[in-house]
Q: 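Mind looking over this structure? Questions follow.
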Amino acid sequence: MDRIWVLAEAGESGPTPLTLELLTAARSLASTVEAVAWGGDTASLAAPLGEYGATKVYDVGDLGGSLPGAPVASAVAARVLGGDAPDAVLLPASYDGRDVAGRLSAKLDRPVLTNVTGLREADGALVTEHPVFGGTQIASARFTAEGPGLFVIRAKSFTAEPAGGGPAEVVSAPAGDTGATGGAVIRDRHAEAASGPKLDEAAVVVSGGRGLGGADAYALVEELASLLHGAAGASRAIVDAGWVPYSHQVGQTGKTVKPTVYVAAGISGATQHLVGMKGSKNIVAINKDQEAPIFSVADLGIVGDVHKVLPALIEALKQRG
Amino acid sequence: MNVVACVKQIPDPAAPASLDPSTRTLDRSGKLILDDSDSYGVEMALQLAGNVEGSEVTIVSMAPGGETAGLRTALAMGAARAILVSDDALAGSDALSTAKVLAAAIKRAEPDLVIAATESTDGYTGTVPVQVAELLGMPSVTFAKSVVTDGATVKVERQTEAGYDDVESPLPALVTVTAGVVEPRYPSFKGIMAAKSKPVEVLTLADLGIDPAQVGAAGARQEILDVKDAEARGSGEIVVDEGDGAQRIVAFLEQMKVI
């Protein structure tokens, strides 16, 4: 593989962990890795992106408040259609990454492979891995038509490792006119008060499910997570029920987590949930139904009532101080 | 205001899913139901249409065998009519082909606002809505947790890693909603009866002017090579709580050195 582009997302503290994972993966697959970035301060990304293997950064520039999907896809498509096409584009399975992937796919008339958790090269083509049926099986797929192939990759599929490269060269890659498609504009941003580590970066995750019985009982999950310096997660069932916001959702349609310890409280273990947490190093499950599928992946399973076990656990941890 | 709600009719998630052994694509030959994820989109569409005078909701879907069971559910909830694209040549379509077909069908409804779920429960590629928006030349706002519109612009609270953004877009536009944003209504008996006589337009690829060779298995540009069992986790210790459950967890956490 000659050249892979990585869609590089950045937050206030530089490139996102997933971006660094994608750069590391790209490095192992192609001789040249280049990044696509946007925002007002792309120059500051040249060093960290270079350190993880990018030799160039295509800078879409400041988006003037537009959601990234349309302008960033437009910039990438312009280069590709102009004849400067990589073999593949790796995009993060994030809110904006998926927007860019969808638009780019339609603009280039190329399909896109999503929910990718593994990538390897075989016979000159990239072969993907996707968890199916709750991660109990792994499907492998590849593109059969002309590239560039578009791959949307889930967090934690690869381990980020710096390559020790110097700063990447910044090349301007403006979006051009996006017409009506670029009409969605951010008017204001709200950061929810976040205490403790992020869900997908925490060493301990405590998640609650429908077995909690009601939205009020989610406070037990939050308290336990806080005592363990971890993050609070949720099954799709209680997100759908409106007990907790979507940002807490762990699973196929939510976040992938791989903490040292995952505690599933009142979660039955639908395939939808298992795919998002099965990679955890250790799993503790509390559920009153002995037959619940969650016990099939648990290292320690407590068949019991979460309303008894969680308060007792919280009390025991408090007493330890 | 013309509001289109895109829905997918999927095999009942409560029933065991399987792959067609010859194509390794999801077996969708059984009875299909309205994807639960889409009931939020339909509800949101109905609420938004209810707030702007002279609005109605059109349901758009693509399904094999002229399947309308899920569409009737959406019509019973209050949508005015439905457009279903059903054509044998569509079997095995990838996400982009699906988006092309849906975009062509949606266009017929002359939409001001298109609502979809963020992703389906069965395929969950999550790219179709944005591909549709691009094909229709519309702006899109994904992962909406709140949506309001006056018929000219749409204001959305969009989920982000840190919290949410206030996003505004002129119409026509496409919005995807996350589950749980609204409480989907249960169809009333009256609604179910009324749904039986609501118009469902069933279209083929020829009706939409789409070349069958460009979609379905014939037009697919990706293939599934194999499906293997994932590495199984070793089974752990499962114990019935006799009042010592919490202590056992504490001991486990100590062993794992997280406390």
Side-chain angles (χ1 to χ4, degrees), chain A residues 67 69 95 98-99 101-103 105-107 111-115 127 133 135-145 180-192 203-204 228 239-242 246-247 252-253 260-261 282 284 295 297-304 309 312-313 316, chain B residues 17 24 94-96 99 119 124-127 130-131 133-135 137-143 145 159-170 173 178-180 183 221-230 233 235-241 245-250 252-253 256 258-259:
Chain A
L67 285 181
Y95 299 111
R98 302 204 316 177
D99 280 5
R103 292 213 174 256
S105 159
K107 278 181 181 296
V112 54
L113 283 165
T114 57
N115 282 305
V127 175
F133 300 137
T136 55
Q137 294 187 301
I138 305 287
S140 292
R142 69 173 172 202
F143 290 114
T144 53
T181 61
V185 175
I186 300 167
R187 295 291 183 211
D188 202 1
R189 315 200 78 151
H190 303 267
E192 279 161 6
V204 178
L228 294 171
V239 172
D240 283 7
Y246 177 79
S247 54
Q252 180 171 284
T253 50
T260 307
V261 174
N282 298 283
V284 178
F295 288 128
V297 298
D299 298 286
L300 174 63
I302 304 293
V303 182
V309 178
L313 182 53
Chain B
R24 302 189 191 92
D94 61 29
L96 183 56
E119 58 196 348
Y124 70 101
T125 60
T127 53
V130 177
Q131 288 168 327
E134 179 65 30
L135 293 166
M138 284 183 188
S140 56
V141 187
T142 51
F143 290 94
K145 53 182 217 146
Q159 185 80 47
T160 62
E161 287 294 336
Y164 67 94
D165 288 349
D166 293 325
V167 178
E168 195 175 314
S169 174
T178 59
E183 183 66 41
R221 290 170 291 174
Q222 58 198 45
E223 62 177 352
I224 298 171
L225 298 169
D226 58 46
V227 179
K228 289 181 183 147
D229 284 341
R233 287 185 71 98
S235 62
E237 188 191 3
I238 312 296
V239 292
V240 176
D241 180 32
Q247 284 309 326
R248 279 176 179 272
I249 296 173
V250 169
F252 185 84
L253 295 174
M256 295 310 142
V258 293
I259 54 172

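Numbers restart at 1 for each chain; the letters A, B, ... are given by sequence-line order, proteins then strands. Not measured: the values here are computed from a predicted model.
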Q: Once rounded to the nearest 0.5 Å, what's the spacing between atom OG1 of B/Thr127 and atom CG of A/Leu113?
A: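 Going from the OG1 atom of B/Thr127 to the CG atom of A/Leu113 covers 9.5 Å.
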Q: Heavy-atom pairs under 4.5 Å with chain A - which of B/Pro170, B/Ala246, B/Pro139, B/Gly163 has more of them than the others?
A: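 Looking at each option in turn, the highest pair count goes to B/Pro139.
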Q: Measure from the side-chain N and O atoms of A/Thr144 to the backbone N and O of B/Arg221, and report whether any donor-acceptor pair falls under 3.5 Å.
A: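 Yes, because the side chain of A/Thr144 sits within donor-acceptor range (under 3.5 Å) of the backbone of B/Arg221.
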Q: For the atom pair OG1 (B/Thr160) and CD1 (A/Ile186), what is the distance rounded to the nearest 0.5 Å?
A: 9.0 Å
Q: By a 4.5 Å heavy-atom criterion (distance strictly below it), what part of B/Phe143 contacts chain A: side chain, backbone, both, or neither?
A: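 The side chain, not the backbone.
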Q: Side chain from CB out, backbone as N, CA, C, O: work out which of these in B/Asp94 comes under 4.5 Å of a heavy atom of chain A, or both, or neither.
A: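 Side chain only.
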Q: Nearest 0.5 Å, what's the CD1-CD distance between A/Ile302 and B/Glu237?
A: 7.5 Å
Q: Give, as side chain, backbone, both or neither, the part of B/Gln247 having an atom under 4.5 angstrom from any heavy atom of chain A.
A: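 Interface part for B/Gln247: side chain.
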Q: Would you say the side chain of B/Leu225 lies within less than 4.5 Å of the side chain of A/Arg142, judging by non-hydrogen atoms?
A: yes
Q: Once rounded to the nearest 0.5 Å, what's the spacing between atom CZ of A/Arg187 and atom CG of B/Asp165?
A: 12.5 Å
Q: Heavy-atom cut-off 4.5 Å, strictly under: side chain, backbone, both or neither for B/Ala99 against chain A?
A: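 Neither part.
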Q: Would you say that A/Val112 contacts B/Leu96 through its side chain, given a criterion of any heavy-atom pair below 4.5 Å between the two side chains?
A: no
Q: Measure the shortest side-chain to side-chain distance between B/Glu134 and A/Ser105 over non-hydrogen atoms and say whether it is less than 4.5 angstrom.
A: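 Of all side-chain heavy-atom pairs linking A/Ser105 with B/Glu134, none is under 4.5 Å.
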